[in-house]
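I have placed the structure first, in the form of structure tokens, so that the comments after it can refer back to it.
Side chains are part of it too, since the values below use all heavy atoms of this structure and drop only hydrogens, waters and symmetry mates.
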Amino acid sequence: VHIGSMTVNEPAALVHRRADGSINLPSLILDRLTQAQPTPPGEPAPAPEPSGESPWILTLDAYRLEGGSVQIVDDTVSGPFRTLLKPVTVQIDHFTTGPDSDAALRAEVTTESSESVKLEASYSINPVRATGALTVAAVDLKKYQSYLRPFFRGRLTRGAADLNLDFSHQRPEQRDEVTVTNATLRVSDLQVQSADGAETLLMVPAFAVESVSASLTDQSVQVGAVKS
């Protein structure tokens, strides 16, 4: 199956994580799947029936998603937490389910707080592999205070974070191998107050962790430098 190009303009979605932890969008399609009869314990799962037919190959030359928006609501934390991703832009070139062929992916997301995420990657699904670069900029730390409350009693009143990293992923023999290189985390204008806001406990003008590499296979992390 060959598709020359596909363009989607200004789609909108609501992603709602309910108080019980369930998410609205997957529940639209997963209920029927989860009602399937499970394999009894101790019995092997039935093997797929062999087929002499070659699998169909899907090829998509170009995909564009422009001006998208995603509203996120999380009722599992106090507030609840809300954010709006807008605009969302996705560009994919040379996608195929055929073997040994890499597609190019570029995605950009901006939030209502002017936070941004940029992803550039080259990836294949047959076999599974990917390499790319991720940039996260101007993250408003106080916006995520609700997620810190279970284990942090202070209040983040100021602070911004930036993250850059390169990554690679492959899955030989159904085993995920993930590496991260050239990772740098920078935090600026950090301020922490007491829970009641009466005292300023910590102020850090700038803090950086640089040249970080990590390997899931080796279960190792290396840090090149820590600067403040």
> Should R64 and D93 be marked as a side-chain contact (heavy atoms from CB on, under 4.5 Å) after you check the CA-CA gap, both sets of side-chain angles, and the distance that decides it?
Replying inline: CA-CA 9 Å; R64 303 289 184 271; D93 294 305; 3.0 Å; yes
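- Contact check for P172 versus E177: side-chain heavy atoms found under the 4.5 Å cut-off.
- Residue L134 is not grouped with residue V178 when hydrophobic side chains (ILVMFWY) are merged at heavy-atom distances under 4.5 angstrom, including chains of intermediate members.
- Applying the ring-ring contact (aromatic ring centres under 6.0 Å, His included) criterion to F207, with sequence neighbours excluded, gives no partner residue.
- At a threshold of 4.5 Å between non-hydrogen side-chain atoms, the residues I125 and T97 count as touching.
- The pair D196-R153 does not meet the salt-bridge criterion, since no charged nitrogen lies less than 4.0 angstrom from a carboxylate oxygen.
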>> Could you go through L141 and L190, starting from their C-alpha distance and side-chain angles, then the distance that decides it, and tell me whether this counts as side-chain contact (heavy atoms from CB on, under 4.5 Å)?
In response: CA-CA 9 Å; L141 296 178; L190 179 66; 4.1 Å; yes
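- Listed here is the closest heavy atom pair of T184 and S211: OG1-N, 3.8 Å.
- Each of I57 and I3 belongs to its own hydrophobic cluster when Ile, Leu, Val, Met, Phe, Trp and Tyr are linked at side-chain heavy-atom distances under 4.5 angstrom.
- In this structure, V90 and L105 have side chains that are in contact, with non-hydrogen atoms separated by less than 4.5 Å.
- Between A133 and D166, the shortest heavy-atom contact is CB-OD1, 3.5 Å.
- With contacts defined as side-chain heavy-atom distances shorter than 4.5 Å, the pair H16/D75 qualifies.
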>> Could you go through L65 and I92, starting from their C-alpha distance and side-chain angles, then the distance that decides it, and tell me whether this counts as side-chain contact (heavy atoms from CB on, under 4.5 Å)?
In response: CA-CA 9 Å; L65 186 152; I92 301 174; over 6 Å; no
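- Y144 and V77 fall within the same hydrophobic cluster, defined by Ile, Leu, Val, Met, Phe, Trp and Tyr side-chain heavy atoms under 4.5 Å apart, directly or through other members.
- Here the straight-line distance linking atom CG of L60 with atom NE2 of H2 works out to 8.0 Å at 0.5 Å rounding.
- At distances below 3.5 Å, at least one donor-acceptor pair connects side-chain atoms of S194 with backbone N or O atoms of E199.
- With a 4.5 Å cut-off on side-chain heavy atoms, T111 and V117 do not count as touching.
- Counting heavy atoms from C-beta outward, I72 and R17 have side chains that stay 4.5 Å or more apart.
- Remark: F152 pairs with no residue by the ring-ring contact (aromatic ring centres under 6.0 Å, His included) rule, at least two apart or across chains.
- Look at R82 and E112 and you find no salt bridge, because none of the NZ, NE, NH1 or NH2 atoms lies under 4.0 Å from a carboxylate O.
- Between the side chains of D176 and H169, at least one donor N or O sits under 3.5 Å from an acceptor N or O.
- Heavy atoms from other residues, nucleotides or ligands lying under 6.0 Å from NZ of K118 number 12 at most.
- Between the S146 side chain and the S78 main chain, a donor and an acceptor come within less than 3.5 Å of each other.
- The minimum heavy-atom distance between S228 and A206, with the atom names listed, is OG-O, 3.3 Å.
- The shortest non-hydrogen separation linking A19 to T76 is O-CG2, 4.0 Å.
- Proximity of a side-chain donor or acceptor of T110 to a complementary backbone N or O of K86 within less than 3.5 Å is not detected.
- By the neighbour-count criterion of 12 heavy atoms within 6.0 Å, atom CZ of R186 is sparsely surrounded, having that number or fewer from other residues, nucleotides or ligands.
- With 3.5 Å as the limit, one finds a donor-acceptor pair spanning the side chains of T179 and S168.
- Residues V187 and L201 are members of separate hydrophobic clusters, defined by side-chain heavy-atom contacts under 4.5 angstrom among Ile, Leu, Val, Met, Phe, Trp and Tyr.
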Could you list the donor-acceptor pairs under 3.5 angstrom formed by side chains in residues 156-165, with sequence neighbours left out?
| residue | atom | partner | partner atom | Å |
| --- | --- | --- | --- | --- |
| T157 | OG1 | Q191 | O | 3.4 |
| T157 | OG1 | Q191 | NE2 | 2.9 |
| R158 | NE | D189 | OD1 | 3.2 |
| R158 | NE | D189 | OD2 | 3.1 |
| R158 | NH1 | Q191 | OE1 | 3.2 |
| R158 | NH2 | D189 | OD1 | 3.3 |
| R158 | NH2 | Q191 | OE1 | 3.3 |
| D162 | OD1 | A138 | N | 2.7 |
| N164 | OD1 | T135 | OG1 | 3.4 |

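- Distance check, rounded to the nearest 0.5 Å: CE of M6 to CG of D61 gives 11.0 Å.
- Nearest heavy atom pair, residue R155 against residue A195, reads CD-O, 3.1 Å.
- When ring centroids are compared, Y63 and F95 stay outside the 6.0 Å threshold.
- Neither F167 nor L216 shares a network with the other; the hydrophobic side chains, linked directly or stepwise wherever heavy atoms of I, L, V, M, F, W or Y lie under 4.5 Å apart, form separate groups for each.
- Side chains of V180 and S215 form no contact here, defined as non-hydrogen atoms less than 4.5 Å apart.
- Put simply, the side chain of E115 gets close to the backbone of D140: a donor and an acceptor are under 3.5 Å apart.
- Using a 4.5 Å cut-off on side-chain heavy atoms (C-beta onward), V70 and V15 make contact.
- Of all the heavy atoms in L85 and V88, the pair that sits closest is O-CG2, 3.7 Å.
- For Q222, the CD atom counts as loosely surrounded, since its 6.0 Å shell holds 12 or fewer non-hydrogen atoms of other residues, nucleotides or ligands.
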